[in-house]
Every structure is written in C-alpha cells, then in structure tokens.
S.K.: 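What follows is a structure written as structure tokens; I'll ask about it next.
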Amino acid sequence: MRWSKTFTPTLRENPTMAEAVSHKLLLRAGYIRQLTAGVYSYLPLAQRVLLKITSIIREEMNNIGGQEYLLPALNPAEIWQETGRWEVMGDNMFRLKDRKGADLCLGMTHEEVFTSIARDELRSYKQLPQIWYQIQTKFRDEARPKSGVLRVREFIMKDSYSFDLDLEGLDKAFEAHREAYCLIYKRCGLEFSIVEASSGAMGGSKSSEFMVYSDAGEDWIASCADCHYAANVEKATSRLPNISDETGTESAEKFPTPGVRTIEDLTTFPGGAAATHQIKTLVYMLDDKPALVLMRGDHQLNETKLGDSTGAINARPAHPAEIQKLLGASPGSLGAVGVKDVFIIADNLLQGRTNMVTGANHDDHHLRGVSIARDITVTKWADLRAVVTGEGCPNCSGTLRVDKAIEIGHIFKLGTKYSQSMKANVLNAEGKEVPIIMGSYGIGVGRIMASAVELYNDTDGICWPVSIAPFELVITPTNINDATQKETSEKLYQELMAFGVDVILDDRDDRPGVKFKDADLIGIPYRITLGKKLKEGKVEFFTRKTKQSQDVSLDQIVDVLKKSIATAKIVNP
RNA sequence: CGGGGAGUGGCGUAGUCUGGUAACGCGCUUGGUUUGGGACCAAGAGACCGGUGGUUCGAAUCCACUCUCCCCGACCA
C-alpha cells in the first residue's frame, strides 16, 4: 500500500465529542467516523484492523471444529415470541414492520435463528455435537450509547452456539471455547482476565466473562491477588467479619427521629446506631410487583443479584408515590417490621441479627431493638450485596479489590432454555426424544479493537499489538524528492511485500515531521526511515511501542524486521 | 426516562449577555522558498450561524417550539 493513495484522514486536534481515549484516538487517527449516536463508519484503517481480528477469530474457531455461517440480521417476530424474548428485550430491540404489517426486528443475538435451524435439521444424536458460529452485525437500541465504539447500537460480534446431547458434551464445548478465546485474545495482544459472571437475561447455569481492565469499562470486577479469584460484582461474594449483637429488648421500640432521612443521619442521631446495626429498607418493583429489599445499613444492593435471585426480568426502584401507597411513609423512615403480604427479600448477612434499628413506616420515626427473626417475615434470603474493595476473598485469606473493566467476551452454558421453548429435539440412542443442550459464546470484535487502543497508547497516539495493527511496517523516506531515497525505499517496499510483510510506503511529498507524527498517531508498530545515513548504506529501524531506534545496514534490515515481527506475534500459552 | 452541556466554513473555536449582516487557528487550493518530529511567505476558495415560527426597520445574537449530539445517572447478554 502506498500512503499517497490511501485514505487516512488524521486530525491535528481532538474532536470535542470524544471522551474515552479509544474514541479520541480512533477518531483522530482516521479509523472511525460517527454517523449518528452509537453508529459508526469504519474507515479503511479500521477495516484492516477488524479483518485481522476476525481472521484470528476464524482460525481459532475453526480449530475447535466451529463451522461458519452468515445469518440474517432481519428476523421475524415469531421466533422471538417463541422464546419469550420479544417481550423480555423490551426497548432494547430494534423493531420494524414490513409492507404487509408483519412484525420484524433486527437481531440482537442469534440463539433464535440458530435454534430454528437446529430444530428443523437436527434429528439424531448422531448429528451431535455441533459448533456453529458467525461474525455479523448485531443491533441493540441502547438507552445511552457512549465511549465511542465501546458501547454502540450497531456492532460486529462473533457469536457461536454449541449443540450437544448431554451435559458432558456441553462441558467439553464450553471448555473448548474457553481455550479458544484465550488464544484469540492472546493472539490479539490483549491482557485479559476471565471472571465469573451472571447469566442475566440469557438464562443458563454457568457463564464466564473475558475482561480487559480499563477505566473506560462499564463493568466492575472483584479480584484477589493471592488466589486468582475473579468475578463480576454482579456475582462476586466476599468474606466479612461477623458482627456480634448485644442482646436486644423484649420487643421493638418506636422512637421519634425528626429530620433523619439517611443511614448516615441515624448514625449520629442520639439513640440511633452505627450503619452496621441498621437495616436498610429499599422498595423495588419486580416486574411491576412491589418488594421490600433489606440490606445491612452500610451495604449497597447490586440490582443484578436482586434480579437473579428473584427471577425478575425488570427490577426498578419504586417511585415515592408507590412507596407511600405500599408502606404509608416516605423513604427515610421505611422498614419491614410488621409488613404483611409483601414479598420481602433480605440479604444473607442480616440472618440472625438482633437489636437493629430500622424505619418505622411512620415519617420521622424509627424502631430500635429489632430482631430480624422475631420481627420481620422474610420471604426469601439471598446474596444481594455489592462487594467492595478491601473485603476478604471468599476463596482464601487474601483481600479483594474492585476494578473497572471492558467486557470483550462472554461464554454461557445455556442448557435447554432455547431448545425447549423452540422444540429443538433429537432422538437419543434409546430412541427417545430429548431437547438439545446448548451453549452460547460471544466476542465483541469492535471492543477488541477499542480495548487494544485503551490499553496501548501514549501521548503520540496508538501503539497497536503487531498482530492487529493496520500495517506492520511503514517505510518512510524523509525526502521523496531525493532520488536515492526514493529508489531505495521503493526497492525495500517491493522486497518486503514479496516476503509477506504488511507494509505501507509513505511516498507523500511531505516533511518528515508530518510523516512521523502520522505514523505514530496511527500506531504502526515498526518504521524504517531512510534519511541522511542512507549514503553509508544505513537505515533507521524504529519501534513504535518503545520509541527506540537503531541504525541497521540495508542488507540486514529485512532480517531484523522479519525477526521482530515474528517475535511480536508469538503467543506464550 | 431524569439532570447538565453544546450545535457558527472540513476540524477546533470566538462572537450571543449589550441586535446593525460573521472573525480566528488548523486544514484545503495556487505560486514560491523549504525537507529528521505536525515549515515559511504571498495570493485565494469555502458558512443562508441545526430547523421552524415569531418580535424588530434590521436577528448568529431576543422569544417560542422543535431536531440532533455529548456528559452524569437510570438502563444494559
């Protein structure tokens, strides 16, 4: 490729709209342009990166026996209605009608389509196992697209699905994917972690997420440095010291607490209590049915845990009016004591606690001496609290920390959720009809690109891992009007291309500074500069990531370069 | 959906409070001088100021409505 003939619209200044580092750099370096909120055009540089990522994915997927498909993005409502997700997906699904008025949607994921193929075509256990995958555009009408290409409404995803006769087969497919994913991310040059995750609306028994630690991320991961425990806070647990309560009163006692609205207020109010000795009462609407959620005063609820433990599809805090109607009091004075006929779910850590303080369901009044077992009718106990940095690891004696991360992949053991609702059955060896056991596995292709930029950049621009850089090498003659430089760079260019190096020749009639700045910004991993020392038969070999350069003689440069590229692409398992 | 911010040549901005017919930097075009970290000189091109309606002799500027984008939150395989 010749630079003079490529479209690389780099910008000198950062566009104002961009906040995330990857957003700024991809925009400035000429990789992406926004069309509308959460929808981006991928320019030639980005397409080169995406193609390199997808070809790595293809190789590793094919290695575990995956077969590539290309499925429709346009789906009929019927298959989504069969699995119930036509309703579940709510506003997040792009919906449209065709000329006949029939309901259609744009695929957010492809369990339904693949399962419909499976039910139509798979008849016998002898046809199993299967691993089917595709790399395709998905659509989700995100309430708030953000961070450039990290959270978008239209995005490229590799999704695969495994079809097995039994759980043992599912385990194998799951494990095969896990290993393939590790290889894919390693080959893409990403530092990543695997964490336990909530299956959420996907259903299924087990799921693992592949995460890249980054402040641009939207997930929080609890991890232990001592034992490799790592889990999404939606799932993470921790080890906390027990609290011993003093023996409480015979019965709960109501007392006035004028002006007290928060847990914090009550800790300093005379006759109040430390946050650890309070019960926080939250009112939630679980699929439009009210529920009380009880937490220890100093603990935060994790809403995903609430959803997972109640099976609620839609969990939201109740509005003040709904709360007033339910309990007859305002937030700040709420409690569960004496509440009947309302679903009450309490965090496990409240079990057995006595002598607690909580709201009295009477504005400006609280109760003290509350003993949970005696005074509150808990419908369900569950782990509901969000782990925070500094708590004990549930697995060893270490300490947890909570960090932000970008989700770049997610693998699920689905089980029979989709095969049952869509009647995808096969006959087993006994001639009995059984539902196919499925797994679902996704990789965000665009997120790999953006994560690499988030992870590897400096003040001058992007520092791509060699394996996914748009070009491996740029040849930069400092002055294209110098006949020797021009001739030599041309010869080198031809030679390196013949060796299969992905090279771009910066043949623009520009000052060297412009060329260097552009190459650094775009993030080309290696540069061969032809300048003054060419007279002595030497060129400069520059490494983007380290900014180190060395003089290399012309007859050795090809070897030096090939060695560098090969070394950079090696994956150490 | 709630809160905040912003729409002015391709990009980044000033001008808006206090109405008088659009300015600056970058980029672009042409000519010349340059050529190792975003050169310099000269001459140019390019904007109905997001849209609609209103007030006014006169609106980028004031008023109303509306659209879009960004940020925080809610939401989210």
Side-chain angles (χ1 to χ4, degrees), chain A residues 9-20 23-24 27-28 30 33-39 85 88-93 107-111 138-148 150-153 155 157 159 161 197-204 207-210 218-219 232 234 284 303-304 307-308 313-317 319 407-414 417-418 439-444 447 459-461 476-482 485-486 506 508-522 527 529-534 539-540 542 547 549 551:
Chain A
T10 55
L11 305 169
R12 254 181 213 245
E13 292 167 279
N14 266 320
T16 33
M17 301 298 201
E19 197 70 23
H23 190 197
K24 282 185 198 165
L27 226 34
R28 194 149 96 82
R33 290 294 183 261
Q34 187 180 70
L35 184 61
T36 184
V39 179
R85 293 165 105 196
V88 171
M89 291 309 187
D91 288 340
N92 261 29
M93 180 180 259
M108 310 172 68
T109 169
H110 280 73
E111 278 79 7
K138 313 276 183 199
F139 299 87
R140 284 179 208 174
D141 193 2
E142 293 287 349
R144 186 150 97 82
K146 57 182 280 200
S147 307
L150 278 173
R151 183 169 203 74
V152 281
R153 299 194 293 170
F155 55 96
M157 174 170 257
D159 51 322
Y161 305 85
S198 157
S199 309
M202 292 294 300
S207 87
S208 299
E209 287 173 325
F210 293 75
E218 298 184 279
D219 284 277
N232 196 306
E234 296 171 348
Y284 267 76
E303 288 191 7
T304 304
D308 286 350
I313 290 160
N314 192 0
R316 65 163 172 88
H319 304 305
E407 178 186 348
I408 52 172
H410 202 160
I411 57 180
F412 295 87
K413 288 187 183 175
L414 288 179
K417 176 177 164 145
Y418 295 88
S440 162
Y441 318 87
I443 291 182
R447 279 191 179 174
T459 50
D460 289 313
T476 308
T478 52
N479 184 355
I480 198 73
N481 298 315
D482 176 302
Q485 279 189 29
K486 189 176 176 181
D506 196 347
R508 293 176 297 173
D509 184 9
D510 262 309
R511 297 167 60 84
V514 174
K515 298 185 178 187
F516 295 157
K517 289 284 184 192
D518 267 346
D520 288 354
L521 179 60
I522 285 171
R527 187 179 78 211
T529 312
L530 318 205
K532 290 180 186 124
K533 287 182 190 140
L534 191 58
V539 296
E540 183 184 292
F542 174 85
K547 290 191 170 156
S549 58
D551 292 334

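Naming convention: chains lettered A, B, ... in sequence-line order (proteins, then strands); numbering from 1 in each chain.
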S.K.: Can you name the residues that form a ring pair (Phe, Tyr, Trp, His ring centres under 6.0 Å) with A:F210, not counting sequence neighbours?
M.R.: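 Here the qualifying residues are A:Y181, A:Y185.
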S.K.: Rounded off to whole Å, could you give me the CE-to-P distance for the A:M108 and B:C75 pair?
M.R.: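 So the CE-P distance, A:M108 to B:C75, works out to 16 Å.
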S.K.: Over how many whole Å does the gap from A:E13 atom CD to B:C26 atom C1' extend?
M.R.: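 Roughly 6 Å, once rounded to whole Å.
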S.K.: A:D510: which residues meet the side-chain hydrogen bond (donor to acceptor under 3.5 Å, both in side chains) condition with it, sequence neighbours left out?
M.R.: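 None.
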S.K.: Atom NZ of A:K417 and atom P of B:A77: how far apart are they, to the nearest Å?
M.R.: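 To the nearest whole Å, that distance equals 11 Å.
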S.K.: Report yes or no: do A:H23 and A:K146 form a side-chain donor-acceptor pair below 3.5 Å?
M.R.: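 There is no such pair (donor and acceptor under 3.5 Å, judged by atom type) between the side chains of A:H23 and A:K146.
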S.K.: Nearest-Å distance, CG (A:L27) to C1' (B:G12)?
M.R.: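 Between C1' of B:G12 and CG of A:L27: 13 Å.
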S.K.: To the nearest Å, how far apart are A:M17 CE and B:C11 C1'?
M.R.: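 Interatomic distance, CE of A:M17 to C1' of B:C11: 12 Å.
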S.K.: Specify the separation, in whole Å, of atom CE of A:M89 and atom P of B:C75.
M.R.: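 From A:M89 CE to B:C75 P: 17 Å.
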S.K.: Indicate for each nucleotide in nucleotides 27-39 of chain B, in 5' to 3' sequence, whether protein heavy atoms under 4.0 Å reach the base (B), only the sugar-phosphate (S), or nothing (-).
M.R.: S------BBBBBB
S.K.: What contact category does A:M157 fall into here, base, sugar-phosphate, or nothing, at under 4.0 angstrom with non-hydrogen atoms?
M.R.: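 Touches a base.
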S.K.: Considering only heavy atoms and no angle criterion, is a donor-acceptor pair shorter than 3.5 Å present between the side chain of A:R140 and the base of B:A77?
M.R.: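 Donor-acceptor pair under 3.5 Å: yes.
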S.K.: Tell me whether A:R28 contacts the main-chain N or O of A:T10 through its side chain, where contact means a donor paired with an acceptor under 3.5 Å.
M.R.: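 The answer is no, because no donor-acceptor pair under 3.5 Å joins these two groups.
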S.K.: What residue among A:R508, A:R12, A:R511, A:R527 forms salt bridge (Lys or Arg N to Asp or Glu O under 4.0 Å) with A:D518?
M.R.: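 Running salt bridge (Lys or Arg N to Asp or Glu O under 4.0 Å) over A:R508, A:R12, A:R511, A:R527 with A:D518 returns exactly one hit, A:R508.
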S.K.: Whole-Å distance between B:A77 P and A:E209 CD?
M.R.: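 Between P of B:A77 and CD of A:E209: 11 Å.
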S.K.: Rounding to a whole Å, what distance do you find between A:E19:CD and B:G5:P?
M.R.: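 Atom-to-atom, A:E19 to B:G5, this comes out as 16 Å.
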S.K.: Can you work out whether A:H110 or A:R144 has the more 5'-proximal nearest nucleotide on RNA chain B?
M.R.: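 Whichever sits nearer the 5' end wins; that is A:R144.
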